Amino acid sequence: MQKILNYIKINELIATSGQPKVEEFEIIANEGFEVVINLSVYKTSNSIENENKIVTDLNMSYFHIPVNFENPSLSDLKLFLNVLQSLGANKVWIHCSKNYRVTAFMYVYHKYILNTPFENVDLSIFDIWSPTLPWQTLMKVSLDDLYKV
């Protein structure tokens, strides 16, 4: 697992990473993961053609929420949070191209859903990636903004 690009274990049910290689999806499945969520857009430099088929052939469910790296939206974040919360006790692997999108979204998940103390959030990705203003804005979103009707 440690060899998967920018792997981060969140807890017993959630792990995140950059784009896994085809053969790494088999490792993920063998570790008991039941669901894969992909936040990359199609045709990123390291994307895998037919990833959905590869994942579902390994008996895992697949969700694709394409998040524009240059222009992430509050709608993307809300959809992600709703999907992740709806999965309950399923074991979930979340990835994007380099684990940047995921880490920003997971920061909000830690903050409002898991209520993780700030010092316990793995922010190691920020050692190699400095979020641009659109990402900073999303990470500072308030609960009121998230749950506006």
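Side chains are part of it too, since the values below use all heavy atoms of this structure and drop only hydrogens, waters and symmetry mates. Nothing here was measured: the structure is a model prediction, and the numbers come from that model.
Between Leu13 and Ala89, the shortest heavy-atom distance links the atoms CD2-O, 3.4 Å. Residues Ile48 and Pro20 come closest through the heavy atom pair CD1-O, 3.0 Å. Among all heavy-atom pairs drawn from Met139 and Phe126, the shortest one is CE-CZ, 3.4 Å. Nearest heavy atom pair, residue Val121 against residue Tyr107, reads CG1-CD1, 4.4 Å. Minimum interatomic distance between Lys78 and Asp145 (heavy atoms only, all atoms of both residues): NZ-O, 4.3 Å.
When each of Val67, Ile37, Leu81 is paired with Phe105, the side-chain contact (heavy atoms from CB on, under 4.5 Å) condition holds for Val67 and for no other. A side-chain contact (heavy atoms from CB on, under 4.5 Å) with Ile94 holds for exactly one of Phe33, Phe80, Phe63; it is Phe80. Each of Lys98, His95, Glu24 was evaluated against Gln19; a single residue qualifies, His95, per the side-chain contact (heavy atoms from CB on, under 4.5 Å) test.
Without hydrogens or angle criteria, Asn30 side chain to Glu26 main chain gives a donor-acceptor distance under 3.5 Å. Here the side chain of Ser40 pairs a donor or acceptor atom with the backbone of Ser97 at under 3.5 angstrom. When atom types are taken as modelled, the side chain of Asn11 and the backbone of Ile14 share a donor-acceptor pair closer than 3.5 angstrom. Between the side chain of Asn68 and the main chain of Glu70, a donor-acceptor pair closer than 3.5 Å is present. A donor-acceptor pair under 3.5 Å links the side-chain atoms of Glu34 to the main chain of Lys91, judged by distance alone.
For Lys53, the side-chain hydrogen bond (donor to acceptor under 3.5 Å, both in side chains) partners are Asp57, not counting sequence neighbours. Residues satisfying the salt bridge (charged side-chain N to carboxylate O under 4.0 Å, His left out) criterion with Lys9, sequence neighbours excluded, are Glu12. Shown here are the side-chain contact (heavy atoms from CB on, under 4.5 Å) partners of Leu5, two or more places apart in sequence or in another chain: Asn46.
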Test log, rule ring pair (Phe, Tyr, Trp, His ring centres under 6.0 Å), inputs His64 and Tyr42: CA-CA 10 Å; His64 185 214; Tyr42 287 114; 4.5 Å; yes

task: Could you go through the side-chain contact (heavy atoms from CB on, under 4.5 Å) check for Ile4 and Ser17 one step at a time?
output: CA-CA 7 Å; Ile4 298 174; Ser17 73; 3.7 Å; yes

message: Quick one, Tyr100 with Ile128, criterion side-chain contact (heavy atoms from CB on, under 4.5 Å). Give me CA distance, side-chain angles, the key distance, then yes/no.
response: CA-CA 9 Å; Tyr100 300 167; Ile128 56 176; 4.0 Å; yes

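Side-chain heavy atoms closer than 4.5 Å link hydrophobic residues (I, L, V, M, F, W, Y) into clusters, and following such links, even through other members, never connects Ile65 to Val36. Linking ILVMFWY side-chain heavy atoms closer than 4.5 Å, directly or via other members, places Leu39 and Ile8 in a single hydrophobic cluster. Val35 and Ile113 fall within a single hydrophobic cluster, where Ile, Leu, Val, Met, Phe, Trp and Tyr side chains are chained together by heavy-atom contacts under 4.5 Å. Side-chain heavy atoms closer than 4.5 Å link hydrophobic residues (I, L, V, M, F, W, Y) into clusters, and following such links, possibly through other members, connects Met1 to Phe25. When hydrophobic clusters are built by joining Ile, Leu, Val, Met, Phe, Trp and Tyr residues whose side-chain heavy atoms come closer than 4.5 Å, directly or via intermediates, Val108 is grouped together with Leu123.
Distance check, rounded to the nearest 0.5 Å: CG of Leu114 to CG of Asn120 gives 11.5 Å. The distance from atom CE of Met106 to atom CD1 of Ile125, rounded to the nearest 0.5 Å, is 12.5 Å. Within the model, atoms NZ of Lys21 and CD1 of Ile54 stand 14.0 Å from one another, a figure rounded to the nearest 0.5 Å. Distance check, rounded to the nearest 0.5 Å: CG of Leu79 to CG of Leu74 gives 11.5 Å. Separating the CD atom in Gln136 from the CG atom in Leu133 is a distance of 6.0 Å, to the nearest 0.5 Å. The structure places CG of Leu87 at 8.0 Å from OG of Ser61, a figure rounded to the nearest 0.5 Å.
Ser73 and Asp76 share a donor-acceptor pair across their side chains, judged by distance under 3.5 Å alone. No side-chain N or O of Ser142 forms a donor-acceptor pair with one of Asp144 less than 3.5 Å apart. In this model, no donor atom of one side chain and acceptor atom of the other lie less than 3.5 Å apart for Trp93 and Thr16.
For the pair Tyr109/Leu84, a side-chain contact is recorded, criterion being any heavy-atom separation below 4.5 Å from C-beta on. The closest side-chain heavy-atom distance from Leu146 to Leu77 is below 4.5 Å.
Note on ring orientation: taking the six-membered ring where Trp is involved, the planes of Trp129 and Trp135 are perpendicular (angle over 60°, cut-offs 30° and 60°).
No more than 12 heavy-atom neighbours from other residues, nucleotides or ligands sit within 6.0 angstrom of CD on Glu49.
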